[in-house]
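One structure is given below, encoded as structure tokens.
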Amino acid sequence: MVEGDGVLRHEYVHDGFVAAQGMRREVADAIDRHIEQYFGPVEFVYHEFGSHLVGVHVYVIAPTEARPYWTLITSGMSELPMTVPAGVSPYAEVMLCLPADWPLDAAYPGESAPDWPIAVLKQVARLPHEYGTWIGEWHSVPNGDPAENYADDVPFCGVVVTPMLRVPAAARVITAPDGAEINLLAVIPLHRDEVAAKIERGTDALIEILDRGGVTELLDPGRPSFAVVE
């Protein structure tokens with residue numbers, strides 16, 4: 001994982017399977033209300049059962065006139081606190097958006113639909129609990145070491161975690177009944193040379209690259225790399 005600039009290689013901190021205990025009902029309800037308020041009614045949920053560490057459920061919001069694309073949001077990453085530095089909320093959930101014509105099966109894994117974005121959300125959501133670390137803005141996560149493409153026909157081999165851009169500012173934080181703040185963060189897939197730019201040239205370079213391409217949390221599966229070879 002890349003936190004800011006450079007690469008941090010974390011060690012797995014658990015010995016074997018650790019069963020998730022389940023999210024407190026009042027926190028899950030707060031996430032549900034937040035999703036409906038800012039993103040729309042939930043079409044269906046990819047539920048997890050018998051989960052390791054945390055149960056990462058993925059809520060799917062169908063395209064609407066206001067948001068003409070699919071929105072996928074996790075609920076369960078915030079079941080446990082992350083190991084964070086002072087001043088950072090230990091709770092987060094992650095999301096991304098898919099084009100309206102993206103085929104989504106009602107079950108995961110699907111038999112025919114390309115469901116690698118769902119796997120990516122689950123991977124990012126579980127990672128801080130597996131490795132005793134945290135996920136925050138501008139952290140990037142390569143798909144393995146060395147990084148591999150998410151699928152044979154997919155050009156992306158990592159992601160960067162960013163603020164959401166297609167929402168009002170109030171949508172970026174979920175407030176639990178006890179006052180705890182849960183950051184809702186976007187996951188943006190990256191090309192190999194965009195991942196390399198982040199590692200070699202730093203966060204500011206990647207921000208410039210993404211701004212150049214107008215990249216947001218709405219995935220364009222056929223977009224080119226916007227990294228500049230120097």
Side-chain angles (χ1 to χ4, degrees), residues 1-24 27-28 31 45-60 72-96 108-110 115-151 154 156-164 173-174 176 180-190 192 195 198-199 203 206 217 219:
M1 185 174 72
V2 182
E3 295 182 2
D5 307 335
V7 178
L8 294 179
R9 289 180 170 83
H10 297 282
E11 296 293 330
Y12 197 80
V13 296
H14 298 279
D15 184 14
F17 179 82
V18 180
Q21 297 302 302
M23 183 176 286
R24 288 179 295 152
V27 177
I31 294 173
V45 181
Y46 296 119
H47 286 290
E48 275 195 353
F49 302 97
S51 304
H52 178 49
L53 296 171
V54 293
V56 182
H57 312 288
V58 178
Y59 283 54
V60 179
L72 280 61
I73 302 174
T74 66
S75 178
M77 179 180 178
S78 56
E79 179 181 326
L80 295 174
M82 300 181 291
T83 303
V84 298
V88 176
S89 171
Y91 301 104
E93 299 288 347
V94 290
M95 62 82 68
L96 55 73
Y108 170 81
D115 51 20
W116 64 267
I118 303 163
V120 169
L121 285 177
K122 290 176 174 288
Q123 174 194 38
V124 174
R126 192 166 279 111
L127 181 148
H129 305 301
E130 291 176 321
Y131 293 93
T133 183
W134 64 294
I135 290 289
E137 291 182 6
W138 303 110
H139 291 182
S140 53
V141 182
N143 185 37
D145 186 10
E148 299 180 354
N149 290 13
Y150 290 113
V154 173
F156 308 111
C157 68
V159 297
V160 64
V161 177
T162 76
M164 296 182 293
V173 177
I174 302 165
E181 292 188 343
I182 303 169
N183 292 319
L184 183 51
L185 301 164
V187 171
I188 295 179
L190 298 176
R192 188 172 304 277
V195 173
K198 171 69 155 42
I199 294 171
T203 299
L206 181 60
E217 62 266 29
L219 174 65

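Here the structure is a predicted model, which means the values were calculated and not measured. The chain is numbered in sequence order, starting from 1.
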Please tell me if the side chains of [X] and [Y] come closer than 4.5 Å, counting only heavy atoms from C-beta onward.
{"X": "Trp138", "Y": "Thr162", "answer": "yes"}
{"X": "Phe156", "Y": "Val120", "answer": "no"}
{"X": "Leu219", "Y": "Pro189", "answer": "yes"}
{"X": "Asn149", "Y": "Arg192", "answer": "yes"}
{"X": "Gln21", "Y": "Leu80", "answer": "no"}

In Å, rounded to the nearest 0.5 Å, how long is the span from [atom1] of [X] to [atom2] of [Y]?
{"X": "Leu53", "Y": "Leu127", "atom1": "CG", "atom2": "CG", "result": "11.0 Å"}
{"X": "Ile31", "Y": "Leu184", "atom1": "CD1", "atom2": "CG", "result": "9.0 Å"}
{"X": "Leu121", "Y": "Leu96", "atom1": "CG", "atom2": "CG", "result": "4.0 Å"}

Taken in chain and number order and not counting sequence neighbours, the residues that satisfy ring-ring contact (aromatic ring centres under 6.0 Å, His included) with Tyr150 are Trp116

What pairs with Tyr46 under ring-ring contact (aromatic ring centres under 6.0 Å, His included), at least two apart in sequence or on another chain?
-> Phe44

With sequence neighbours left out, what residues match Thr74 under side chain to side chain donor-acceptor pair (under 3.5 Å)?
-> Glu93

To check you understand the geometry: which heavy-atom pair defines the closest contact between [X] and [Y], and what is its length?
{"X": "Lys122", "Y": "Val56", "value": "NZ-O, 2.8 Å"}
{"X": "Val159", "Y": "Leu190", "value": "C-CD1, 4.0 Å"}
{"X": "Lys198", "Y": "Ser140", "value": "NZ-OG, 3.4 Å"}
{"X": "Ile73", "Y": "Met95", "value": "CG1-CB, 3.8 Å"}
{"X": "Gly55", "Y": "Ala20", "value": "N-CB, 3.7 Å"}
{"X": "Val195", "Y": "Cys157", "value": "CG2-SG, 4.4 Å"}

Main-chain N/O of Gly76 paired to His57 side chain as donor or acceptor, under 3.5 Å | no

Check side-chain contact (heavy atoms from CB on, under 4.5 Å) between Ala119 and all other residues, then give those that pass, not counting sequence neighbours.
-> Tyr108

Can you name the residues that form a salt bridge (charged side-chain N to carboxylate O under 4.0 Å, His left out) with Glu217, not counting sequence neighbours?
-> none

Can you name the residues that form a salt bridge (charged side-chain N to carboxylate O under 4.0 Å, His left out) with Arg126, not counting sequence neighbours?
-> Glu48

Using a 3.5 Å cut-off and no angle test, enumerate the donor-acceptor pairs between side-chain atoms of residues 81-92 and protein atoms at least two apart in sequence or in another chain.
unit_1 : atom_1 : unit_2 : atom_2 : d
Ser89  : OG     : Tyr91  : N      : 3.3
Ser89  : OG     : Glu181 : O      : 2.4

Among Glu137, His139, Met77, side-chain contact (heavy atoms from CB on, under 4.5 Å) partner for Leu185 = Glu137

